[in-house]
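Worksheet for the structure shown next.
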Number of protein chains: 2
Amino acid sequence: MPLKKRQYDDACAATHAIDMLGQRWVLPVMRELMLGPKRFTDLKSDLRTISANVLTQRLEMMEERGVITRLRLAPPASGQAYGLTPWGYQAAPIFQTMARWGARSPEHDPAAPMSATSLVLSLRSMVDPERAAGFCALVGLHLGRETFTVDYNSGAVAIARRTLPQDLDAVITADPDAVAALVHCAVPLIDLETHGRMAVSGDRFVIERMATLYPPCTRAQLPPE
Amino acid sequence: MPLKKRQYDDACAATHAIDMLGQRWVLPVMRELMLGPKRFTDLKSDLRTISANVLTQRLEMMEERGVITRLRLAPPASGQAYGLTPWGYQAAPIFQTMARWGARSPEHDPAAPMSATSLVLSLRSMVDPERAAGFCALVGLHLGRETFTVDYNSGAVAIARRTLPQDLDAVITADPDAVAALVHCAVPLIDLETHGRMAVSGDRFVIERMATLYPPCTRAQLPPE
DNA sequence: CGGCATCCGGGAAGATACTG
DNA sequence: CAGTATCTTCCCGGATGCCG
């Protein structure tokens with residue numbers, strides 16, 4: 001009957017946003033779509049531990065709410081895909097502020113596994129503009145089945161999921177975890193290479209420099225017991 | 001026993017943040033503490049529909065995670081209170097970006113009831129810096145049992161929960177909903193006064209000007225069916 | 001008053017299997 | 001590939017009662 005939805009439903013816009021984003025799997029789905037539309041199966045495999053029924057239900061609800069929209073894929077690809085609406089894309093600053101806050105959590109583990117998309121997004125959201133002020137380079141990333149570009153331009157960072165162009169300064173081939181180890185956990189590039197976790201082509205110094213643009217983890221201190 | 005916690009537990013800092021903030025009532029509790037510590041009973045009455053056992057459990061968990069801390073109240077007030085930790089206060093930009101995004105939701109209703117704290121926070125997070133560029137004024141708010149100050153200074157907005165000082169330019173006495181109607185829903189001041197929903201003292205023009213600093217609601221369009 | 005412990009009902013999330 | 005259907009488990013919220 002009343003169909004209680006367990007939402008706050010008050011006029012506070014922030015709690016309303018959490019009504020939209022706080023339900024299980026909504027935020028990870030939006031994250032995976034931040035760099036462009038994906039198909040059901042790709043979403044399911046990128047999220048790894050979501051079950052098909054929950055994904056189905058969540059996509060329906062997010063479409064109702066206007067966060068995502070169903071797209072017909074242009075031939076040659078068949079079938080359909082899901083993409084963010086303009087309003088959905090406008091949630092990007094939320095990811096930025098949440099990532100910067102969440103990285104300071106005492107319980108956050110930057111060495112846990114992560115998806116390709118979340119790694120690439122972190123390259124934009126976690127950069128220290130001061131350290132990147134004088135750095136300009138176009139870097140390619142080869143992460144599993146997908147490729148991305150990261151364009152550093154005097155403090156600004158532009159990211160994209162696309163086929164790699166010709167004019168790259170350097171290319172990294174690795175798992176997302178290895179790139180995270182390089183930039184977020186200060187693991188030396190040479191160590192990753194000797195363990196076979198990463199391969200670099202092009203200007204090697206660009207990658208060394210890129211690894212210095214991200215602040216080391218400074219977790220908030222828990223008060224003594 | 002595995003004790004599954006229904007968290008994402010991945011390295012993506014944004015999803016880790018939602019692990020911390022997305023659980024029911026966590027965000028509203030943080031919101032209510034953003035302008036200073038409160039006691040259990042005040043929290044419970046400000047949140048209105050939370051039950052005591054859930055509030056107890058949530059406060060425990062938030063303390064474990066380092067978001068809030070238990071405080072002994074200085075005499076003459078007796079007992080204890082709960083306040084945000086430094087890391088907890090650092091979540092303020094999350095509220096800002098979520099509020100600006102949530103206000104554009106097709107389902108957001110700015111006329112719903114809201115707490116005094118969330119109204120005052122919205123005066124900071126929703127201001128349009130361009131419109132407020134040339135505006136400097138110190139406004140007092142009398143909302144129920146609490147008083148606040150709002151300090152407009154050339155686009156910046158500083159808010160505080162405190163006893164009202166002497167050098168105010170104007171004072172509003174009203175319910176939070178009435179102030180929201182004034183600034184967020186473009187209800188004319190005179191209408192609120194004639195209906196007895198608001199009383200203004202001091203420089204009346206300051207309040208009229210203040211009402212123009214906030215953009216009208218522009219909701220994201222839902223795609224046609 | 002200011003919490004904490006326990007039981008209960010309903011609903012949301014997870015696992016698995018299956019279908020067009 | 002793109003979802004359904006079913007079953008189980010877990011979490012939320014309400015009520016009640018206890019304790020300082």
Side-chain angles (χ1 to χ4, degrees), chain A residues 1-10 15 18-29 32-33 37-65 68-83 145, chain B residues 1-10 15 18-29 32-33 37-64 68-73 75-83 145:
Chain A
M1 287 272 314
L3 186 60
K4 290 186 151 200
K5 281 188 279 182
R6 213 176 291 206
Q7 294 191 163
Y8 303 117
D9 282 330
D10 70 354
T15 53
I18 219 71
D19 278 343
M20 305 286 105
L21 304 178
Q23 199 178 17
R24 192 98 226 254
W25 292 114
V26 169
L27 208 78
V29 167
E32 292 304 318
L33 298 180
K38 288 188 180 183
R39 290 185 298 181
F40 185 94
T41 310
D42 293 328
L43 271 176
K44 175 158 163 41
S45 78
D46 290 339
L47 295 173
R48 271 183 185 85
T49 60
I50 195 174
S51 56
N53 54 1
V54 173
L55 181 55
T56 299
Q57 190 206 331
R58 231 31 53 98
L59 290 172
E60 267 172 29
M61 166 170 304
M62 292 170 72
E63 190 178 13
E64 272 174 33
R65 289 173 167 177
I68 64 173
T69 184
R70 224 171 279 242
L71 309 165
R72 312 224 140 273
L73 282 182
S78 67
Q80 59 180 359
Y82 299 88
R145 58 181 153 77
Chain B
M1 303 304 282
L3 185 60
K4 292 185 151 198
K5 281 188 280 180
R6 213 177 294 211
Q7 296 192 161
Y8 304 116
D9 282 331
D10 70 355
T15 52
I18 218 69
D19 276 345
M20 305 286 104
L21 303 179
Q23 199 179 17
R24 191 100 228 254
W25 291 114
V26 168
L27 209 77
V29 167
E32 292 303 320
L33 298 181
K38 288 188 180 182
R39 289 187 296 180
F40 185 94
T41 309
D42 294 327
L43 271 175
K44 178 158 163 35
S45 78
D46 290 338
L47 295 173
R48 270 185 186 90
T49 60
I50 195 173
S51 57
N53 54 359
V54 173
L55 181 55
T56 298
Q57 189 203 333
R58 233 29 55 96
L59 291 171
E60 265 173 29
M61 168 169 305
M62 293 169 73
E63 190 179 13
E64 271 174 32
I68 63 172
T69 185
R70 225 170 277 240
L71 308 165
R72 313 225 140 271
L73 282 182
S78 67
Q80 61 181 357
Y82 298 87
R145 59 180 151 77

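Everything numeric here is computed off the predicted structure, so don't read it as measured data. First the proteins, then the strands, lettered A, B, ... as listed; each starts at 1.
At whole-Å resolution of the value, CG in B/Leu55 and C1' in C/dC4 are 12 Å apart. The CG-P distance, from A/Leu59 to D/dG3, rounds to 8 Å in whole Å. Atom P of nucleotide D/dC12 and atom CG of A/Asp19 are separated by 15 Å, given to the nearest angstrom. To the nearest angstrom, P of D/dC12 lies 15 Å from CG of B/Leu27. The distance between atom CD1 of A/Ile18 and atom P of D/dC12, rounded to the nearest whole Å, is 14 Å. Atom CZ in B/Phe40 sits roughly 18 Å away from atom P in D/dG20 (whole-Å rounding). Protein atom CZ of B/Arg58 is 16 Å distant from nucleotide atom C1' of C/dG3, rounded to whole Å. If you take CZ of A/Arg72 and C1' of D/dC1, they are 14 Å apart, rounded to a whole angstrom.
A/Ile68 CD1 to A/Glu60 CD: the interatomic distance, rounded to the nearest 0.5 Å, is 10.0 Å. One finds the CG atom of A/Leu55 at 7.5 Å from the NZ atom of A/Lys44 (value rounded to the nearest 0.5 Å). With rounding to the nearest 0.5 angstrom, the OH atom of B/Tyr8 is 9.0 Å from the CG atom of A/Leu47. To the nearest 0.5 Å, atom OG1 of residue B/Thr69 and atom CE of residue B/Met62 are 11.5 Å apart. Here the straight-line distance linking atom CG of B/Asp19 with atom CG of B/Asp10 works out to 7.5 Å at 0.5 Å rounding. Here the straight-line distance linking atom CG of B/Leu43 with atom CZ of B/Arg48 works out to 12.5 Å at 0.5 Å rounding.
When all heavy atoms are compared, the tightest approach of A/Thr15 to B/Pro28 is CG2-CG, 3.8 Å.
Closest-nucleotide positions on DNA chain C for A/Arg24 and B/Gln57 were compared, and the one nearer the 5' end corresponds to B/Gln57.
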Applying side-chain contact (heavy atoms from CB on, under 4.5 Å), run through B/Trp25 and B/Thr49 and close with a yes or a no. CA-CA 10 Å; B/Trp25 291 114; B/Thr49 60; 3.2 Å; yes
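Residue A/Trp25 places at least one side-chain N or O closer than 4.0 Å to OP1 or OP2 of C/dG14. Side-chain N/O atoms of A/Gln23 include one lying less than 4.0 angstrom from OP1 or OP2 on C/dA13. Look at A/Tyr82 and you'll find a side-chain N or O under 4.0 angstrom from OP1 or OP2 of D/dG3.
With D/dT4, C/dA13, C/dG2 as the choices, the nucleotide that has an atom nearest any side-chain atom of B/Arg39 turns out to be C/dG2. The nucleotide whose nearest atom lies closest to any side-chain atom of A/Ala52 is, among C/dG3, C/dG14, D/dG3, D/dG3. Closest approach to the A/Glu60 side chain among D/dA2, D/dT4, D/dG13 is made by D/dT4 (side chain taken as heavy atoms from C-beta onward).
When the C1' atoms of four end pairs are superposed on the next four at each end of the helix from C/dC1-D/dG20 to C/dG20-D/dC1, using five pairs per end, the two resulting axes differ in direction by 40°, to 10°.
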Within the sub-3.5 Å range, which N or O atoms of nucleotides 6-9 of chain D have a protein N or O partner, and how far apart are they?
| unit_1 | atom_1 | unit_2 | atom_2 | d |
| --- | --- | --- | --- | --- |
| D/dT6 | O4 | A/Asn53 | ND2 | 3.3 |

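Heavy atoms of B/Thr41 sit under 4.0 angstrom from primed sugar atoms or phosphate atoms, though from no base atom.
In this structure A/Arg70 satisfies the salt bridge (Lys or Arg N to Asp or Glu O under 4.0 Å) test together with A/Glu63, sequence neighbours excluded.
No side-chain heavy atom of B/Val26 sits less than 4.5 Å from a side-chain heavy atom of B/Met20.
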